[in-house]
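Scroll down for the structure; my scribbles are underneath it.
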Amino acid sequence: MHDLDVKWQGKWAEKRVFEPQAGAIESSPATTARHLQRQVTTAQKFYLTAAFPYPNSPQHIGHGRTYTTTDIYARYQRMRGKSVLFPMGFHVTGTPILAMAKRIGEKDEEILSIFENIYGIPRAVSATLTDPRDLVAYFSREIEAGMREMGYSIDWRRKFYSFDAQFNRFIEWHFAKLEQAGYITKGEHPVPWCPVGQTAIGAHDTKGDLDPQIEEVTGVLFPYDDGALICSTYRPETIYGVTNIWMNPDAVYLKVKNEKDGKAYYISKDVFTALSMQLPFSIVEEVSAQKMMEKKAKNPITGEELPIFPATFVDPKHGTGVVMSVPAHAPLDYLALRDAGLDGRIKLKQVLALSGFGAFPAKEIVERMGIKSQSDTRAEEATAEIYKKEAHTGVMMAGEFAGMKGMEAKEKIRAKMIADGSALALYEISNSPIYSRYGGLVGVKIVRDQWFIDYGDEAWKAQARECLAGMSILPQKTRHEYEYIISWLRQKACTRSAGLGTAFPLDRTKMIEALSDSTIYMAFYTISHIAMKMKPEELSEKLFDYVFLGKGSSAGLPKEAEEMRREFSYWYPLDSRHSATDLVHNHLTFLIFNHVAIFPREMWPRQIVTNGFVLMDGKKMSKSMGNIIPIRAAVKQFGADAIRFVVVSGADLSSDTDFNRPAVEGVISRLKFMKEAMAKYASILPAVEPEGSTPMEKFARNFPAVESRDSTPMEKHASAADGKGMAQGKKAGAGKSAAMENRDDIAGRWLLSRMHKRAIAAPSMYENFQLRELSLELLYNTFNDLQWCLKRASKPQLREFFEMWVPLVAPIVPHYAEEMWEALGKKQYVKDAPFVALAELPKGDEKKVDERLEAAEDYILRAREDISSILKLIKKDKPAKVELFVAAEWKRKLRAIAAREKKFDVAMKAAMADAEIKPHAAQVAKVLQNYMKNIGALGETPTAEFEMGALLSGKKLLEDELGCPVSAVLEEESAVPKAAFALPGKPSIMIS
RNA sequence: GUGGGGGUGGCAGAGCUAGGUCAAAUGCGCUAGCUUGAGGGGCUAGUGCCUUAGGGCUUCGAGGGUUCAAAUCCCUUCCCCCACACCA
């Protein structure tokens, strides 16, 4: 199996099967390879890409899903006769690889053990990977090898790394265009920050890989003494209900100076470090809580005087260590008030009206729940409940935003207070505490001079929407998400202080971050094989303007300019972009934005396809679970085709799929079976197909026992059913019946009918990425059909079947397909090609689809099932005789009436008026009732002739299986009472 | 919280946009029989409940509705997953 992979991957590479030329311009006579290329380059182009990998680990089978999906599509398009470009490169931009190299250098045990135990890299090797570039080289080599071993039809000539100097020039050009369009802005921005490491922190920089979540809060400023107290709150709208301030009596507070405006503020000592990351504070002096409580503060909005009281629930490490008290709406505030015996003395002030509650919801809920004090753990529960209710259903009563919902008012008030200086915009890490790998507690820092790409620009959004509207999005339901994200996107920070990649042209001390340098790189692939051979300095803005935008002329530009322009114009726009669903929210939407910002409309992307993830035995793959299977190990064990098949066939595109050993083994055994069956049944030259058949002749061929076409249907049935051609026992008809001789023919034709039907359906399934359904049809169901065919026939002619099947499955299991394609030799039913990868996808022929034959086969199957279920029911395993009765004509007529009239009583009336039916009045009601059960789905009524014919064709099979004579009789011809149970399409069965 | 996607048989997972042929594809698992020196593998059948004649009954998160007919349409409700960014 592995041999098969190696053999064909070698041949594809040798003949350069996947290295297309731009345009139909190759004219020099040349090698076979050239010849192959020419065959496809005269055709329509198809350009597709999958997200390029970040080489900080070997790839696992999860990655394989996206690339396999892409490759199947690439191979499909190639077999539709298109010139297909599927390139690949490596994205090395950003900090994780840097961090990883550093940790290896520090002999970090965690990372070394991951390398050893999960990636299978010996310590001796990993110890050498302390340079980020070595890491990149090591893993990209691994990944490329894995992709080749999976048989991906990638044009590797165009490979590049996002830190290559030539690519840097391209990104510089990209940002120059964004800047010229006015989309680059500068400002400040909150980031998770480690005060020890003095750097921004992402999930990979934290202990336990936690993603720090930044949350906005409002720091309300309450004038106090010579400055102000800062209270950080989630609910600025309750400012109208503040009755007092809380401080922790045991905490130490600081008077600090804001170096920016020179004002004095009061906060707890414990939060100084964290707050200084956001505000330029310096310590003036320490003040005790006791001392601070001697004076009063002032409500910045209402101007009321507010006393300061002690409260133990105030955490000096959280927020600012100073809390504003709204006892009417905050259970903890109310509890603290009550605990201090101030309940009656301080007057509660209502801010919001909440249905189901009176004026003071906090007080009510505390009393209802019977919460004893501020240290009662259920106080938090009460708080959460009140907050949630008030935010959604509470209506403001106080202040200028009266009448608004709590949630809306909150936003408005926050904005207003920040604007007029009565509050500060503060940020918190909502999932705090998180510690960085440097050991510091991660806080929020306001980075100044941060550069942004302004995705909030309305005109830009409008263009992005327009592009989206013109695109094909798969799965279709994902479109809503793109729409939402476009409307939601604002400024996106596009630089970081460190990382691999490209320096930011407007400030070369900064690096462009990873999601910003990967939005239009697909354009670079079209010229990368040329650009990578050029000197970086040759790749000027002017050159790229010419190549990508067609601006100016090639005069004065490097000699490669025209060729580059031609490549780009030929391959662009991008026909299909592929990735896993997680990139919809950033990368894929950015891709749309950046394309519309830079390229003319006709170069906008045409399609995006996203897929779900791969689970391992039903569980998410993760390093901690150790259930990651590296793709190379999997290929080594199972072979590429089985992995390819399993990762795309387990579930629909949008859902996650499961990878498990039994599934893989099932695929392998079926593939082997198909290969062996082909060797056995497809080498024989087929008989010449009889031509010019009228439907009637065809019918006779299918059911040869029905001999005379001149006789009336009744006579025909009689002759067929009188026992002459039928019930002769096990050895019936040896040499006598034409049915016998034609059994192979019928089974083969039936199989072909099914095959052609699938071939007709296949293209749209490939186009729509119904890969699950498609792969089930092409392997599992076709396999089952073949089994049935082989059961029905002894020596079927299956050459046409295999000549069609092999190319149809080739995109999914290319190695098996090539091997079988080669083994088939010269093709007789489909167009030949040196590789199945370059063959034409077979078109199904509707004329070979024989619904009647298939229906007859279904009929036999149903009869067979009924017989065996009766046998089981009556606990008989050796019947002496089986008789089948085919329903009488009047029943067929009645069925037609039922289907027409739909209603029981109307149909009944019509039936009784019919001379042919009336004599059977006793049975009519019962039969009619049966039809009524599924009145909408009755469909056509099979003729008795059809049923008899089908039974005759299945007779031999049934007799073989049952080991007894089987006969078919018309209900009209039989005196057996059981015959009366027959219904059209459902023969009555008598077993004796 | 906001936005999106889901809840189907022991498991995975179709079907549900066009209601009926759906006790519900396909696969895995399980059971039995055959094959085999045993095991593995392969083949055949079965796998909601009841039933000695192909039938009946109850099922598709829960509750209600529309319809001759609902896994599929409508309403209510519960639960799960993903995203919310500066991170690849």
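Note that the structure is a prediction, hence the values are computed from the model and not measured. Reminder, nothing fancy here: chain letters follow the sequence lines and each chain counts from 1.
- For A/Phe783, the side-chain atoms get nearest to B/rC43 when compared with the rest of B/rC43, B/rU26, B/rC28.
- Listed candidates were B/rU44, B/rG27, B/rC68. Nearest to the side chain of A/Arg670 is B/rG27.
- Between A/Tyr484 and A/His585, the distance separating the two ring centers is not shorter than 6.0 angstrom.
- Looking at the side chain of A/His585, the nearest of the listed nucleotides B/rC86, B/rU26, B/rC82 is B/rC82.
- Going from the C1' atom of B/rG27 to that of B/rU47 covers 15 Å, rounded to whole Å.
- Taking the C1' atoms as reference points, B/rA18 lies 32 Å from B/rC28, given to the whole Å.
- At least one side-chain heavy atom of A/Asp785 sits under 4.5 Å from a side-chain heavy atom of A/Arg758.
- Residue A/Ala514 is classed as a sugar-phosphate contact, given heavy-atom separations below 4.0 Å to backbone atoms only.
- Across the interface with RNA chain B, nearest-nucleotide mapping of A/Asp582 and A/Ile485 shows A/Ile485 to be the residue nearer the 5′ end.
- A/Arg670 contributes a side-chain N or O that, together with a main-chain N or O of A/Gly666, makes up a donor-acceptor pair within less than 3.5 Å.
- Of all nucleotides listed (B/rA12, B/rA14, B/rA85), B/rA12 comes nearest to the side chain of A/Asp658.
- The nucleotide B/rA32 finds its pairing partner in B/rU44, both defining distances of the Watson-Crick or G-U wobble pair being shorter than 3.5 Å.
- Looking at heavy-atom distances under 4.0 Å, A/Arg864 makes contact with sugar-phosphate atoms alone, never a base.
- For A/Lys477, the listed nucleotide lying nearest its side chain is B/rG6; candidates were B/rA25, B/rG6, B/rA88.
- Counting only heavy atoms from C-beta on, A/Leu515 has its side chain closest to B/rC87 among B/rG42, B/rC87, B/rG13.
- Taking atom CG of A/Asn586 as the reference point, atom C1' of B/rC82 lies 13 Å away to the nearest angstrom.
- A/Gln476 comes within contact range of no nucleotide atom at all, as no heavy-atom separation falls under 4.0 Å.
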Could you run down the sub-3.5 Å N/O contacts of the protein with nucleotides 53-55 of chain B?
residue : atom : partner  : partner atom : Å
B/rA53  : N6   : A/Ile991 : O            : 2.8
B/rA53  : N1   : A/Ile991 : N            : 3.0
B/rG54  : O6   : A/Ser988 : OG           : 2.9
B/rG54  : O6   : A/Ile989 : N            : 3.2
B/rG54  : N1   : A/Pro987 : O            : 3.0
B/rG54  : N1   : A/Ile989 : N            : 3.4
B/rG54  : N2   : A/Asp866 : OD2          : 3.3
B/rG54  : N2   : A/Pro987 : O            : 2.4

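- Within 4.0 Å (heavy atoms only), A/Arg479 reaches no atom of the nucleic acid at all.
- Among the protein residues, A/Arg490 comes within range of the nucleic acid bases, having at least one heavy atom under 4.0 Å from a base atom.
- Contact annotation for A/Asp656: backbone-only contact, meaning every heavy-atom pair under 4.0 Å involves sugar-phosphate atoms and none involves a base.
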Could you please spell out the steps behind the side chain to side chain contact (heavy atoms under 4.5 Å, CB included) verdict for A/Arg479 and A/Leu468?
CA-CA 8 Å; A/Arg479 185 179 292 276; A/Leu468 177 68; 3.9 Å; yes

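- Using a 4.0 Å heavy-atom criterion, one finds that A/Leu489 contacts the bases of the nucleic acid, with or without backbone contacts as well.
- Separation of the C1' atoms belonging to B/rC75 and B/rC82 is 27 Å when rounded to the nearest angstrom.
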Test A/Lys891 against A/Glu971 for salt bridge (charged side-chain N to carboxylate O under 4.0 Å, His left out), laying out the working first.
CA-CA 10 Å; A/Lys891 285 181 180 167; A/Glu971 182 183 345; 3.0 Å; yes

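- Taking the six-membered ring for Trp, A/Phe90 and A/Phe52 have ring centres at least 6.0 Å apart.
- Residue contacts shown for A/Asn660 are absent, as no nucleic acid heavy atom lies under 4.0 Å away.
- Regarding A/Asp652, its CG atom lies at a distance of 14 Å from the C1' atom of B/rU17, rounded to whole Å.
- The closest side-chain heavy-atom distance from A/Tyr455 to A/Tyr183 is not below 4.5 Å.
- Separating the OH atom of A/Tyr484 from the C1' atom of B/rC84 is a distance of 6 Å, rounded to the nearest angstrom.
- Nucleic acid contact class of A/Ser654 (heavy atoms, under 4.0 Å, all strands): none.
- Within the 4.0 angstrom heavy-atom criterion, no nucleotide atom of any strand lies near A/Gly666.
- Summarising the geometry of A/Ser775 relative to A/Ile812, their closest heavy-atom pair is CB-CD1, 4.2 Å, with the distance given to 0.1 Å.
- The side chain of A/His91 has B/rA88 as its nearest neighbour among B/rA88, B/rC68, B/rC86.
- Closest to the A/Pro662 side chain, of the nucleotides B/rC68, B/rA14, B/rC28, is B/rC28.
- The CD1-P distance, from A/Ile143 to B/rA88, rounds to 16 Å in whole Å.
- Along RNA chain B, the nucleotide nearest A/Phe452 and the nucleotide nearest A/Gln787 are compared for position; the residue whose nucleotide lies closer to the 5' end is A/Gln787.
- Checking B/rA85, B/rG42, B/rA88 against every side-chain atom of A/Lys492, the shortest atom distance belongs to B/rA85.
- Residue A/Phe593 contributes atom CZ, which lies 13 Å from atom C1' of B/rA85 at whole-angstrom precision.
- A centroid separation of 6.0 Å or more is found between the aromatic rings of A/Phe885 and A/Phe981.
- In this entry the distance linking OH of A/Tyr780 with P of B/rA14 reads 15 Å, nearest Å.
- Across B/rC60 and B/rA14, the matching C1' atoms stand 12 Å from one another, rounded to whole Å.
- No donor-acceptor contact under 3.5 angstrom links the side chains of A/Tyr521 and A/Ser162, judged on distance only.
- Heavy atoms of A/His587 sit nowhere under 4.0 angstrom from any nucleic acid atom.
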